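Scroll down for the structure; my scribbles are underneath it.
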Amino acid sequence: MEKFISFDEIKKSLEKKETDCRSIVQHYLKNIETKAHLNAFVEVYEQSALEQADLIDQKLAKGNAGKLAGMVVGIKDLLCYTGHEANASSKILKGFESQFTTTAIQRLLDEDAIVIGRLNCDEFGMGSSNENSAHGKVLNAADESRVPGGSSGGSAVAVQANLCTTSLGTDTGGSVRQPAAFTGVIGMKPTYSRVSRWGLIAYASSFDCIGIFSHTVKDNALVMEIMAGHDEFDSTSSRKSVLPYSQLLHFDKKAKVAYLKETLESPALQPEIKANTLAILERLKSEGHSVDEVNFPLLDFILPTYYILTTAEASSNLSRFDGVKYGYRTPNAHNLESMYKLTRSEGFGEEVKRRIMLGTFVLSASYHDAYFTKAQKVRRLIKDFTENLLKDFDYIIMPTTPSTAFKFGEHSGNPVAMYLEDLFTVQASVSGVPAISLPNGKDEQGMPIGLQVICNSFKEAELYAFSNYLTELTS
Ligand code: GLN
């Protein structure tokens with residue numbers, strides 16, 4: 001059986017009747033079995049995926065199949081799907097079965113995508129290495145002694161290792177872009193509110209976005225145009241109309257590009273990543289685009305702002321997991337209070353507990369103004385700076401991550417070193433603007449490097465078109 005990389009190839013093969021959906025699903029199931037040791041999948045929906053494939057094959061024969069007929073999708077274990085378990089990779093949700101389906105997934109199903117299984121991640125999306133998962137770590141297929149990035153590590157590896165055509169992840173502070181960079185695939189976080197959050201188990205509600213992993217810009221754009229748009233179940237979802245991104249990929253403008261001096265001069269930046277980023281900027285200049293250096297004096301405030309606000313929101317969002325209504329309940333309680341305390345102490349992992357405590361602290365009566373309110377104000381400054389910059393420039397370019405994929409255990413005992421991994425991804429999250437990570441060569445160890453491109457809010461069409469151009473430039 002041939003190896004499919006993109007949905008375009010699948011579609012052509014289906015059109016020529018060289019294959020059918022059942023064979024495509026079988027092909028991926030075989031890959032999943034061979035690569036089971038990567039631990040990307042928490043659960044494989046073998047039976048239902050094959051049944052779905054047969055139904056879609058019938059529709060194809062009748063000529064009434066949807067736009068995604070033949071696309072096989074994996075979903076992060078943070079997204080609800082009726083009748084299936086969703087654990088947020090946490091012991092506290094062990095055995096929890098979804099009562100409804102995430103709107104984004106439903107829209108893909110309505111266009112005849114096939115959901116093949118649930119993908120491993122950091123617990124509640126908290127982490128940058130996928131080492132914080134109740135389902136165990138995920139291995140990077142480029143070097144199995146290294147992390148795949150996080151928190152959507154399983155979703156990234158599933159695409160990297162061809163275990164599905166595209167996958168859904170969630171990105172609160174970089175969880176789609178960072179693992180995409182570490183695994184050499186494309187990872188897109190849309191504008192905040194572009195895609196409904198209904199069905200996404202909340203980490204930090206004012207940051208959370210559902211994003212997409214793919215091998216090609218076109219597949220990513222196609223999935224986005226189907227997922228995006230207003231949803232009556234999420235009142236924060238935007239009512240702005242959605243463009244057919246996948247049909248607007250032609251790029252023939254001269255772009256105005258900015259790069260932030262402080263990002264490229266950061267002492268944390270690995271030399272090969274700096275060199276490859278500079279090489280792209282040079283290439284753009286030689287193609288006649290304008291490329292300007294800009295100062296970004298707020299870089300040092302970005303991580304503290306992100307970690308204060310997200311832990312505050314997480315401490316509130318995660319208060320619902322108390323052992324009363326659903327999920328894990330301790331067998332060791334002797335009264336109501338100890339039931340709450342023990343359930344949460346035993347059910348949550350170390351990193352999640354650290355963040356709940358930090359978030360509770362920054363929201364506490366005596367420290368609220370000093371931390372939470374202050375961080376909200378700095379968020380506004382960062383957002384205003386970013387949006388104003390994007391009025392003068394079409395795109396901001398920077399590395400996705402300061403380093404390439406690191407070894408397992410390298411940052412385990414040092415949460416601050418782990419948080420530093422998010423240095424370049426959180427600006428777009430704090431500002432709510434869309435950002436994409438594209439493969440940009442490899443380092444001396446052969447590990448993939450990511451290039452991040454940021455655009456102003458709701459300019460997904462422009463971002464995809466420029467990304468498409470950049471991938472042509474780098475290939
Ligand atoms: N690594 C970041 C964090 O731990 C980002 C996580 C995410 O985007 N879900 O918060």
Side-chain angles (χ1 to χ4, degrees), residues 75-79 88-90 119-133 137-138 147-156 167-183 187-190 192 195 197 200-213 268 302-315 317-318 348-359 362 375 379 400-403 405-406 410-412 414-437 450 452:
I75 56 172
K76 184 176 182 178
D77 188 22
L78 215 55
L79 300 170
S89 289
S90 179
L119 296 160
N120 205 343
C121 60
D122 281 307
E123 187 176 359
F124 285 99
M126 299 179 191
S128 310
S129 66
N130 219 125
E131 291 168 293
N132 306 332
S133 167
K137 61 189 185 189
V138 178
V147 305
S151 64
S152 317
S155 304
S167 66
L168 299 189
T170 65
D171 190 312
T172 305
S175 280
V176 167
R177 290 160 285 152
Q178 188 252 19
F182 278 14
T183 54
M188 166 79 169
K189 176 199 99 72
Y192 177 78
V195 174
R197 285 180 292 119
L200 153 59
I201 299 173
Y203 159 12
S205 312
S206 78
F207 293 77
D208 293 342
C209 294
I210 296 179
I212 304 161
F213 292 91
I302 263 188
L303 279 175
T305 304
Y306 171 79
Y307 275 97
I308 289 170
L309 295 176
T310 53
T311 54
E313 291 189 26
S315 74
N317 273 328
L318 271 58
F348 289 129
E350 289 309 303
E351 182 58 28
V352 173
K353 282 190 268 197
R354 181 173 12 255
R355 295 194 190 197
I356 292 174
M357 286 191 286
L358 193 59
V362 301
R379 181 179 198 180
T400 310
T401 56
S403 77
F406 46 91
E410 211 170 300
H411 296 327
S412 309
N414 187 349
V416 176
M418 192 69 94
Y419 300 165
L420 271 172
E421 289 296 327
D422 306 327
L423 185 60
F424 301 142
T425 46
V426 293
Q427 182 184 359
S429 307
V430 167
S431 310
V433 297
I436 195 165
S437 179
Q452 186 177 206

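Here the structure is a predicted model, which is why all the values come from computation and not from measurement. Atoms within a ligand are numbered from 1 in the order they appear, just like the ligands themselves.
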Near Tyr203 (heavy-atom distance under 4.0 Å), the atoms of ligand 1 are 3 (C), 9 (N), 10 (O)

For a 4.5 angstrom cut-off between non-hydrogen side-chain atoms, does Ser89 reach Asn120?
yes

- N/O to N/O below 3.5 Å, does that happen between Gly174 and ligand 1? yes

* Asked: Any N or O of Arg355 that comes nearer than 3.5 Å to an N or O of ligand 1?
  -> yes

Taking every heavy atom of Pro148 against every heavy atom of Ser129, the minimum-distance pair comes out as CD-O, 3.5 Å

- Is the shortest distance from a heavy atom of Tyr307 to ligand 1 less than 4.0 Å? yes

Q. Where does the angle between the aromatic ring planes of Tyr307 and Tyr419 fall among parallel (under 30°), tilted (30 to 60°) and perpendicular (over 60°)?
A. parallel

So for Tyr419 against ligand 1, with non-hydrogen atoms under 4.0 Å, the contacting part is neither

- prompt: So, the side chain of Asp208 versus the backbone of Thr170: is there a donor-acceptor pair under 3.5 Å, distance only?
  reply: no

Under 3.5 Å, is there a donor on one side chain and an acceptor on the other for Gln178 and Thr401? no

Note: ligand 1 atoms sitting under 4.0 Å from heavy atoms of Gly125 are 6 (C), 7 (C), 9 (N)

Note: ligand 1 atoms sitting under 4.0 Å from heavy atoms of Asp171 are 8 (O)

Between Ser128 and Asp422, is any side-chain donor less than 3.5 angstrom from a side-chain acceptor? yes

| said: Side chains of Ser155 and Lys76: any donor to acceptor distance under 3.5 Å? | reply: no

Against ligand 1, does Tyr306 come closer than 4.0 Å with any heavy atom? yes

Taking only non-hydrogen atoms of Ser151 and a 4.0 Å limit, the atoms of ligand 1 in range are 9 (N)

closest protein heavy atom to atom 7 (C) of ligand 1 is Ser175 OG, 2.3 Å

| field | Ion pair check, Glu350 and Arg354, cut-off under 4.0 Å | value | no

Asp422 N/O to ligand 1 N/O under 3.5 Å = yes

Under the 6.0 Å and 45° cation-pi test, does Arg379 pair with Phe207?
-> yes

Close approach of Thr310 to ligand 1, heavy atoms, under 4.0 angstrom: no

Does an N or O from Met126, backbone or side chain, lie closer than 3.5 Å to an N or O of ligand 1?
no

One finds that the ligand 1 atoms under 4.0 Å from a non-hydrogen atom of Gly173 are 5 (C), 7 (C), 8 (O)

